[in-house]
Amino acid sequence: MSLLPLSVLDLAPIVAGSDAATALHNSIALARHTERLGYQRFWVAEHHNMDGVASSATAVLIGQIAAATHTLRVGSGGIMLPNHAPLTIAEAFGTLATLFPGRIDLGLGRAPGTDQPTMRALRRHLSSAQEDRFPEDVLELQAYLGPAKEGQLVRAIPGQGTEVPIWILGSSLYGAQLAAYLGLPFAFASHFAPDLLMQALEIYRAQYRPSSRHPKPYAMVGLNVIVADSDAEAARLFTSLQQRFLGMQRGQRGPLPLPVDDMEALWSPAEKAGVARMLAESVVGSPATVRAGLRATAERTGADEFIVACAVHDFSARLRSYELLAELAR
């Protein structure tokens, strides 16, 4: 059994001891690296007011990455649609698709991607109730990116007619139901919210309504994957992400921490269990360990594609992890 198609999810991580400029340049370098290795797509995610994430201006970063690569599909994993007017997103991604035809993906999420005060700063007069408009906003956005209609008063220029591929992202059952109803590909954020993964995939496939562009359901599953020369080395690299999720439980944010030799002194048993639950869809180890883990996950989920996050502190180790993973896929 060969491995599934592999893609990259990148948050332009700002690591302890470094800065946002380095994080952004590293993301561009990682995109070039993974393009050479044969990855399918490279997605960046919209988050705001987070010390450890530099991808807040997501469309801007996508443009830089697309300009620095040649064949890689580049997109959002995702754009948090309630933070924006659909027309604004249609114009931004229509511009990207016009500059880089056939290479841009538009993954859409319903969550704010930030905290309440920042959400209010982003949305100004919009209330959180606007999340309930998510299906209508997706349809409006599709219309702006589709062919022009007679009598249409508002158009996205550039954007109209580009038909940028839209994906629905989700970490709950809501996104699965909407993607199925609209006949769109679906990506599940199991790399940080794994609890409902299997139920969401089941609902998506069972309720899927074929569309002209997508006659069959297509499910992409998010995973944390860290590959190193040994299980012990990979486990040590993984402690940076474990510390980040421990900080989330404690309401603490910051740059991605340095790895540690032992996590036991840092967390309580309850905190350890909480981190393990949130990071349950992680495959960490030597090439042999990761190959077995990915095959088991593919069999369990029936995924069509994996999108892989690799949050490790050392950039050379991150490059090496994606390199070893690509060798497994080949």
Side-chain angles (χ1 to χ4, degrees), residues 3-13 15 27 30 34 39-47 50 52-53 55 58 75-80 105 107-111 113-114 167-176 179 185-201 204 219-227 234-235 237-249 253 256-257 274-285 289-290 293-298 300-313 317-318 321-322 325 328-329:
L3 290 181
L4 298 178
L6 295 173
S7 294
V8 178
L9 177 63
D10 187 62
L11 273 65
V15 304
S27 284
L30 179 62
T34 52
Y39 284 81
Q40 295 241 128
R41 34 185 129 245
F42 192 102
W43 283 7
V44 294
E46 177 188 346
H47 291 282
M50 293 188 179
V53 177
S55 55
T58 314
S76 59
I79 289 289
M80 300 299 111
D105 294 328
L108 299 173
R110 177 173 172 258
T114 188
W167 293 66
I168 300 296
L169 278 54
S171 57
S172 69
L173 306 183
Y174 182 96
F186 177 55
F188 194 85
S190 35
H191 60 293
F192 71 86
D195 291 355
L196 297 174
L197 169 63
M198 297 306 297
Q199 193 176 350
L201 292 175
Y204 172 61
M220 181 158 63
V221 170
L223 300 175
N224 301 295
V225 179
I226 298 174
V227 198
L237 295 173
F238 188 43
T239 62
S240 293
L241 188 58
Q242 290 172 316
Q243 289 176 79
R244 168 168 278 178
F245 276 73
L246 176 61
M248 288 167 57
Q249 287 197 58
R253 294 180 180 173
L256 186 70
V275 170
R277 182 184 62 78
M278 288 189 286
L279 295 177
E281 294 296 344
S282 301
V283 186
V284 177
T289 299
V290 170
L294 290 178
R295 284 182 172 168
T297 305
R300 173 169 53 89
T301 62
D304 297 291
E305 186 173 334
F306 287 141
I307 187 160
V308 173
C310 181
V312 300
H313 184 278
R318 190 157 26 130
S321 179
Y322 279 113
L325 180 57
L328 293 181

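When reading the values below, keep in mind they use all heavy atoms of this one structure, side chains included, and skip hydrogens, waters and symmetry mates. The chain is numbered in sequence order, starting from 1.
- For the pair Ser321 (side chain) and Ala317 (backbone), a donor-acceptor distance under 3.5 Å is absent.
- Side chains of Thr301 and Phe188 form no contact here, defined as non-hydrogen atoms less than 4.5 Å apart.
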Item checked: Residues Phe306, Val225; criterion side chain to side chain contact (heavy atoms under 4.5 Å, CB included); working and verdict -> CA-CA 10 Å; Phe306 287 141; Val225 179; over 6 Å; no
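- Every salt bridge (charged side-chain N to carboxylate O under 4.0 Å, His left out) that Asp10 has, sequence neighbours left out, goes to Arg318.
- Counting heavy atoms from C-beta on, the side chains of Phe238 and Leu279 come closer than 4.5 Å.
- Note that the CD1 atom of Ile307 and the NE2 atom of His191 stand 8.5 Å from one another [nearest 0.5 Å].
- Between Gly175 and Phe186, the shortest heavy-atom distance links the atoms C-CE1, 3.6 Å.
- Taking all atoms of both residues into account, the shortest heavy-atom contact from Ser76 to Thr58 is CB-CG2, 4.3 Å.
- Side chain of Ser240 to backbone of Pro257: a donor-acceptor contact under 3.5 angstrom is found.
- Nearest heavy atom pair, residue Val284 against residue Thr289, reads O-CG2, 3.8 Å.
- Taking CZ from Arg110 and CG from Leu169, the interatomic distance works out to 13.5 Å, rounded to the nearest 0.5 Å.
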Notebook entry, point to check: Which is it for Leu4 and Glu305 under the side chain to side chain contact (heavy atoms under 4.5 Å, CB included) test, yes or no, and what are the steps along the way?
Noted result: CA-CA 5 Å; Leu4 298 178; Glu305 186 173 334; 5.6 Å; no
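- Expressed to the nearest 0.5 Å, how far CD of Glu281 lies from CG of Asp195 amounts to 9.5 Å.
- Summarising the geometry of Ala311 relative to Leu241, their closest heavy-atom pair is CB-CD1, 3.9 Å, with the distance given to 0.1 Å.
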Next item on the list: Apply the test side chain to side chain contact (heavy atoms under 4.5 Å, CB included) to residues Leu6 and Tyr322: give CA-CA distance (whole Å), side-chain angles for both, the deciding distance (0.1 Å), then the verdict.
Entry: CA-CA 10 Å; Leu6 295 173; Tyr322 279 113; over 6 Å; no
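- Rounding to the nearest 0.5 Å places CZ of Arg253 at 4.0 Å from CE of Met50.
- The closest side-chain heavy-atom distance from His47 to Leu11 is below 4.5 Å.
- Nearest approach of Gly52 to Arg244, heavy atoms of both residues: O-NH2, 3.3 Å.
- Here the side chains of Met220 and Trp43 are in contact, with some heavy-atom distance below 4.5 Å.
- Atoms CG and SG, from Asn224 and Cys310 in turn, are 8.5 Å apart once rounded to the nearest 0.5 Å.
- Here the closest heavy-atom approach between residue Val227 and residue Leu325 is recorded as CG2-CB, 4.1 Å.
- To the nearest 0.5 Å, atom CG of residue Leu201 and atom OG of residue Ser190 are 7.5 Å apart.
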